[in-house]
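Worksheet: the structure to be examined is printed underneath.
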There are 4 protein chains.
Amino acid sequence: MSRVVAVTGTRAGRPRDPRAHAAILAAVRDLLTTVGYERLTIEAVAAQAHVGKQTVYRWWPAKSALVAEAALAGYLAMPRTDSDPTGDLVADVRAWIVDAYGRLADPATVALIRGLAAAAADRDSDADLLYAQITRPSRDQLVTRLAAGVTHGQVDPATDLGVVADTLAGAVLYRVLARRPPPTADDVENLVTLVTAGVGRRTPGGAAHAGDTGR
Amino acid sequence: MSRVVAVTGTRAGRPRDPRAHAAILAAVRDLLTTVGYERLTIEAVAAQAHVGKQTVYRWWPAKSALVAEAALAGYLAMPRTDSDPTGDLVADVRAWIVDAYGRLADPATVALIRGLAAAAADRDSDADLLYAQITRPSRDQLVTRLAAGVTHGQVDPATDLGVVADTLAGAVLYRVLARRPPPTADDVENLVTLVTAGVGRRTPGGAAHAGDTGR
Amino acid sequence: MSRVVAVTGTRAGRPRDPRAHAAILAAVRDLLTTVGYERLTIEAVAAQAHVGKQTVYRWWPAKSALVAEAALAGYLAMPRTDSDPTGDLVADVRAWIVDAYGRLADPATVALIRGLAAAAADRDSDADLLYAQITRPSRDQLVTRLAAGVTHGQVDPATDLGVVADTLAGAVLYRVLARRPPPTADDVENLVTLVTAGVGRRTPGGAAHAGDTGR
Amino acid sequence: MSRVVAVTGTRAGRPRDPRAHAAILAAVRDLLTTVGYERLTIEAVAAQAHVGKQTVYRWWPAKSALVAEAALAGYLAMPRTDSDPTGDLVADVRAWIVDAYGRLADPATVALIRGLAAAAADRDSDADLLYAQITRPSRDQLVTRLAAGVTHGQVDPATDLGVVADTLAGAVLYRVLARRPPPTADDVENLVTLVTAGVGRRTPGGAAHAGDTGR
DNA sequence: GCATAAACGAGACGGTACGTCCCGTCTTTGA
DNA sequence: TCAAAGACGGGACGTACCGTCTCGTTTATGC
């Protein structure tokens with residue numbers, strides 16, 4: 001019957017069980033890989049995690065949020081962190097592209113990305129947050145490499161590196177969603193060429209390059 | 001998506017009612033716009049179209065097929081057909097990009113694209129078909145313009161135009177799915193620069209970029 | 001798409017399946033007997049009847065309604081119809097009481113009566129209807145016998161037979177609900193005496209009998 | 001219903017809070033009146049009493065026990081204790097009946113009785129205990145009055161007063177559960193007649209009624 | 001014409017999952 | 001040790017849709 005509220009910040013009541021939390025996210029990842037986003041049900045998640053449905057609903061408002069957190073909680077294969085920029089722009093861009101497509105060899109990663117795409121379609125509020133989270137680490141890595149290119153004089157300083165990174169990330173995502181076959185070595189090389197040429201130093205005052213003069 | 005009718009003679013029985021067919025597709029488009037793919041139900045489609053559920057199931061096997069046909073049956077805003085290549089590569093690419101983003105001003109178009117993305121995530125079988133249908137008209141138009149660029153000597157003949165078109169389409173699709181704000185004039189210009197520079201004539205025999213020559 | 005309404009009274013759509021209807025009521029009776037009203041769940045009813053939950057909810061608004069119909073649909077053991085009034089008031093009343101208590105030997109009957117009591121507690125609207133249905137056949141039979149008693153001059157014509165019948169029915173119901181042990185022969189005899197004496201011919205103008213004079 | 005406390009010395013630890021105890025019972029009575037037994041939940045009781053659920057479960061094993069104690073802890077309107085037998089059998093019986101029905105004017109009393117009936121239906125173990133507790137004070141009072149009638153020669157000494165009292169109590173309970181409208185003055189009078197006549201002095205050695213005497 | 005056949009609106013069917021409520025238990029902080 | 005708070009695994013609730021299955025009705029072909 002005491003109505004005194006604790007002064008300290010720790011709330012009364014049983015604290016959240018981290019094991020349940022982790023089991024739920026693991027179940028989401030498994031089910032996403034096996035049955036896909038549309039056929040993933042919260043009922044199945046709870047069952048597989050040996051958890052009451054209410055425990056899921058207590059912490060996540062919707063299936064999309066669940067998938068989002070599962071993806072962001074370290075279950076999404078991340079870019080290799082050990083490949084630092086070499087200073088060779090072409091090699092660096094090629095390495096990034098190869099790495100990005102390479103990670104798509106893991107079915108769980110592909111399933112998570114597709115799930116996130118579907119989740120984003122369901123969550124107006126933070127769709128761009130979700131996409132940012134998916135692509136940011138990769139994107140930042142690419143931006144770093146391009147910035148090194150600027151330093152080495154291989155990349156035009158006027159280039160908006162963000163636009164380049166987003167475009168490349170979009171191209172990769174597109175292949176995943178459209179379920180295109182993995183790119184061939186030629187495809188990769190063409191993409192490398194497009195990007196490296198596209199960001200190369202340009203004559204001041206003109207948006208186009210030497211080809212313009214051939215007109 | 002609808003059942004193929006035998007070429008040899010018309011079968012007996014009441015023929016398919018085209019009014020019901022159209023009403024269903026219209027209901028799909030409306031519901032996609034208002035509630036989105038995930039919350040679109042066949043029950044609601046049938047109710048809104050004043051049609052029995054069986055009439056829907058008779059002609060479409062799944063929700064994704066319904067959405068696909070709704071998108072392909074003229075409900076998806078198509079690229080303007082009246083803008084022929086001018087021969088000015090920069091202007092042509094810019095026109096294409098502006099046109100592509102411009103069509104996204106229609107909420108119904110955006111809803112259909114998102115719906116198709118979700119449907120494709122659910123249907124391995126025809127994901128690339130769906131994406132091809134969404135992006136092909138646009139994509140072909142861009143390829144045509146780039147090919148004109150080749151003719152005019154503005155585009156390197158070695159360029160794989162398909163890769164360029166896919167990359168640009170992916171970048172646009174990415175912005176739609178991620179619900180990014182509409183691109184600014186600067187964004188567009190940066191994208192134009194990236195692409196036009198990327199496809200420009202290069203020194204033969206090398207993947208090296210324009211910057212190489214300027215050094 | 002035709003909007004013409006049929007002239008006939010038969011509604012469109014698939015008609016109600018009487019087999020599902022019967023299976024549900026049978027399941028209710030079984031479960032009522034085995035687990036009792038409180039632990040009877042609609043989920044279990046549907047499962048046992050091999051029926052979808054919605055089919056139950058489509059026709060019955062609540063568990064209480066379900067139990068009510070199960071009881072009234074012939075699943076409640078009824079009074080023997082072959083025992084006509086003999087004209088001997090004491091024998092007739094005794095026969096009625098013995099019969100009433102005898103029917104309580106069937107566990108299903110007892111379970112149904114208890115379930116109806118609980119259901120009536122849940123259904124303000126028609127609790128007295130429910131009780132009337134439970135007790136009416138018995139009650140009417142008793143009223144018939146007492147009426148014969150009036151004809152034979154054994155029962156005071158001023159007696160409100162309904163009050164008598166309700167009182168006796170209430171006494172029986174009370175024993176069921178209170179789970180009293182079955183009445184002994186003496187109990188029955190005492191009850192017979194109470195009633196037969198209570199309805200006996202009285203001197204006109206007075207509510208009480210000879211005992212009054214002792215005052 | 002609450003746990004028995006050892007007589008030998010007070011145990012260590014915080015003593016039971018009587019305010020919580022009382023608040024719980026009050027909440028039970030309120031909820032029983034407002035929502036009824038079926039929709040009364042322990043969760044709601046705890047919330048309304050500003051008490052933790054565990055505090056309820058610590059002292060009461062089940063909803064029925066809670067309702068039982070609420071009824072017995074002075075929340076059930078009791079018979080008036082100031083009306084002693086006058087020696088006038090008819091007046092005494094009439095007073096008892098009027099008093100019994102009069103107490104049913106209080107909605108909380110009616111709700112408690114209905115709740116107890118439902119609880120008893122759910123708990124084989126103490127159904128008769130519950131009923132005894134509800135009806136005993138009333139019942140005993142009636143037996144006392146009838147016993148006075150025996151003394152005054154108005155009641156046949158062979159009468160089993162318990163059977164009479166139970167029958168009358170059952171009749172009253174029946175009206176409550178069946179939600180019959182309050183009895184009219186005529187109904188009361190008829191019931192008084194039935195009982196007073198039924199228990200009146202009879203000719204020795206026969207179960208026959210007053211009418212037998214040919215009067 | 002008149003049978004046959006298919007499509008139609010309607011809606012009941014056996015099911016699955018939804019998101020919520022409550023069960024009875026457990027685990028924390030605080031008195 | 002009791003109490004308030006509140007998370008936990010679990011079960012049932014009543015609802016929404018799924019995809020299927022009758023119904024009566026409508027609209028065509030073909031005998």
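Scope of the values below: all heavy atoms of this structure, side chains included, with no hydrogens, waters or symmetry mates. By convention in this document, chain letters (A, B, ...) are assigned in the order of the sequence lines, proteins followed by strands, and residues within each chain are numbered from 1.
- Using a 4.0 Å cut-off on heavy atoms, the residues of residues 30-44 of chain D that approach DNA chain E are D:Thr41, D:Ile42, D:Glu43, listed by number.
- Heavy atoms from other residues, nucleotides or ligands lying under 6.0 Å from CZ of A:Arg16 number more than 12.
- Checked options D:Leu25, D:Val45, D:Ile42, D:Val67; the residue passing with D:Trp60 is D:Leu25 (criterion: side-chain contact (heavy atoms from CB on, under 4.5 Å)).
- Atom OH in C:Tyr57 sits about 14 Å away from atom C1' in E:dC18, given to the nearest Å.
- The closest side-chain heavy-atom distance from B:Lys53 to B:Val56 is not below 4.5 Å.
- In this structure, C:Lys63 does not pair ionically with C:Asp122, as no charged nitrogen and carboxylate oxygen lie closer than 4.0 Å.
- The nearest whole Å value for the distance from the CG atom in A:Leu66 to the C1' atom in E:dC18 is 14 Å.
- Note: C:Gln48 CD to C:Ile24 CD1 = 12.0 Å, rounded to the nearest 0.5 Å.
- A 4.5 Å side-chain heavy-atom check between B:Arg19 and B:His50 finds every atom pair outside the cut-off.
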Shorter than 3.5 Å, N or O on both sides, protein versus nucleotides 13-15 of chain E: list them out with atom names.
unit_1: E:dC13; atom_1: OP1; unit_2: C:Asp17; atom_2: N; d: 3.0
unit_1: E:dC13; atom_1: OP2; unit_2: C:Arg58; atom_2: NE; d: 3.2
unit_1: E:dC13; atom_1: OP2; unit_2: C:Trp59; atom_2: NE1; d: 2.8
unit_1: E:dG14; atom_1: OP2; unit_2: C:Gly52; atom_2: N; d: 3.4
unit_1: E:dG14; atom_1: OP2; unit_2: C:Thr55; atom_2: OG1; d: 2.9

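- Side-chain atoms of B:Leu177 and A:Leu177, non-hydrogen and from C-beta on, do get closer than 4.5 Å to each other.
- Spacing between atom NZ of B:Lys63 and atom C1' of F:dA16 amounts to 13 Å, rounded to whole angstrom units.
- With a 4.5 Å cut-off on side-chain heavy atoms, B:Glu38 and A:Tyr37 count as touching.
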